[in-house]
Structures are given as structure tokens and as C-alpha cells.
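Here the structure comes first, spelled out in C-alpha cells, and everything after it is commentary.
The first residue of the sequence shown is numbered 1, and numbering continues consecutively from there.
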Amino acid sequence: MNEDILIEHLTDICEWAKQQAHGFVWLTHLGHWKRPQVVLVFNTRTQVSEASQSGFESELIQLIDSTLAPQGIQVKRYRLDSEQACQQQSAGDWREHLKRQPH
């Protein structure tokens, strides 16, 4: 077991999510692969809010958890973010933006 397994599963889930939710664009993970933080990225803050209100956020988290748990991977934390927020807060620099604590 290694980080490649995590990346493979998250890539599959990302492709599924892009087809399911308006505005979902990508996801990534931070930290150790056995207990990562997963960042779910939408285009706008409004789309982040809509994903939470519609239940898509919960559905996506449940899918990720149920896919990764059998691999011995437990997500430490989820974070929803947006391209819009990164542009406004970090001038579009995702490397810097991901270092920020979410609001």
C-alpha cells in the first residue's frame, strides 16, 4: 500500500464528481497518504455553498470514505474551496492558498 493507491482512487472519484456536480473542478490531498486532508475544489464560492446545501458534499465524502477505508486510509479532514477564493485571497497561487486555514 502506498500513496499511488490513494491517488488512483481519488482520481476516479474526481472524474465521477466532475460529471455529477455543477462547478466541481478538481480535488487534491495534503499530508500523509494514510491520513490525508482532502480538498474539494469548485469554481465559485456559490457552487461550494450549493454543494453543501444539495447534499452533494455529504455524498462525495461518503463515497471517498467508503472507497478509501478498505485500503486502510482514513481521511483526517475535508475542506471545500473554490478557484474564486484562491484568486481573491492568494492571487491564484494554489500552493500558497492551500497553506491558509479555511474560513
Going through the checks in order, is the side-chain contact (heavy atoms from CB on, under 4.5 Å) test met by E3 and H29?
CA-CA 10 Å; E3 189 171 22; H29 73 282; 2.5 Å; yes
Would you please test Q53 and S49 for side-chain hydrogen bond (donor to acceptor under 3.5 Å, both in side chains) and show each step?
CA-CA 6 Å; Q53 293 172 0; S49 179; 3.3 Å; yes
Chi angles and distances behind the side-chain contact (heavy atoms from CB on, under 4.5 Å) call for L10, W26
CA-CA 10 Å; L10 289 180; W26 57 278; over 6 Å; no
Go through the steps to decide whether Y78 and I64 satisfy the test side-chain contact (heavy atoms from CB on, under 4.5 Å), and finish with yes or no.
CA-CA 10 Å; Y78 286 93; I64 293 170; 3.1 Å; yes
Stepwise side-chain contact (heavy atoms from CB on, under 4.5 Å) check, V25 with E83
CA-CA 9 Å; V25 284; E83 293 283 354; 4.2 Å; yes
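Using a 4.5 Å cut-off between side-chain heavy atoms of Ile, Leu, Val, Met, Phe, Trp and Tyr, with links allowed through other members, V48 and I13 fall into the same hydrophobic cluster. Under a hydrophobic clustering in which Ile, Leu, Val, Met, Phe, Trp and Tyr are joined whenever their side-chain heavy atoms come within less than 4.5 Å, directly or via other members, V39 and I61 fall into different clusters. Taking hydrophobic clusters as Ile, Leu, Val, Met, Phe, Trp and Tyr residues chained together by side-chain heavy-atom distances below 4.5 Å, V41 does not share a cluster with V38.
Here the straight-line distance linking atom OG1 of T28 with atom CG of L40 works out to 10.0 Å at 0.5 Å rounding. A distance of 6.5 Å separates CZ in R35 from NZ in K76, rounded to the nearest 0.5 Å. Separation of atoms CG (N43) and CD (Q87) is listed at 12.0 Å; rounding is to 0.5 Å. Taking CZ of F42 as the start and CD of Q84 as the end, the distance is 13.5 Å to the nearest 0.5 Å. Rounding to the nearest 0.5 Å places NZ of K34 at 10.5 Å from CG of N2. Interatomic distance, L27 CG to T11 OG1, rounded to the nearest 0.5 Å: 7.5 Å.
Residues L80 and S52 approach most closely at CD2-OG, 4.0 Å, considering heavy atoms. Considering every non-hydrogen atom in both S90 and H97, the closest pair reads OG-ND1, 2.9 Å. Between T67 and L63, the shortest heavy-atom contact is OG1-O, 2.7 Å. Residues P36 and I73 come closest through the heavy atom pair CD-CG2, 3.8 Å.
In this view, E59 satisfies the salt bridge (Lys or Arg N to Asp or Glu O under 4.0 Å) rule with no residue, not counting sequence neighbours.
For the pair W33/D4, no side-chain contact is recorded, criterion being any heavy-atom separation below 4.5 Å from C-beta on.
Atom NE2 of H22 is surrounded by 12 or fewer heavy atoms from other residues, nucleotides or ligands within 6.0 Å. Within 6.0 Å of CD in Q88 there are more than 12 heavy atoms belonging to other residues, nucleotides or ligands.
Looking at R100, its side chain does come within 3.5 Å of a backbone N or O of Q89 through a donor-acceptor pair. Of the possible polar contacts, one joining the Q47 side chain to the T44 backbone as a donor-acceptor pair under 3.5 Å is found.
Electrostatic pairing of D81 and R79 counts as a salt bridge here, judged by a charged N lying under 4.0 Å from a carboxylate O.
Below 30°, between 30° and 60°, or above 60°: for W16 and F56 the angle between ring planes is below 30°, a parallel geometry.
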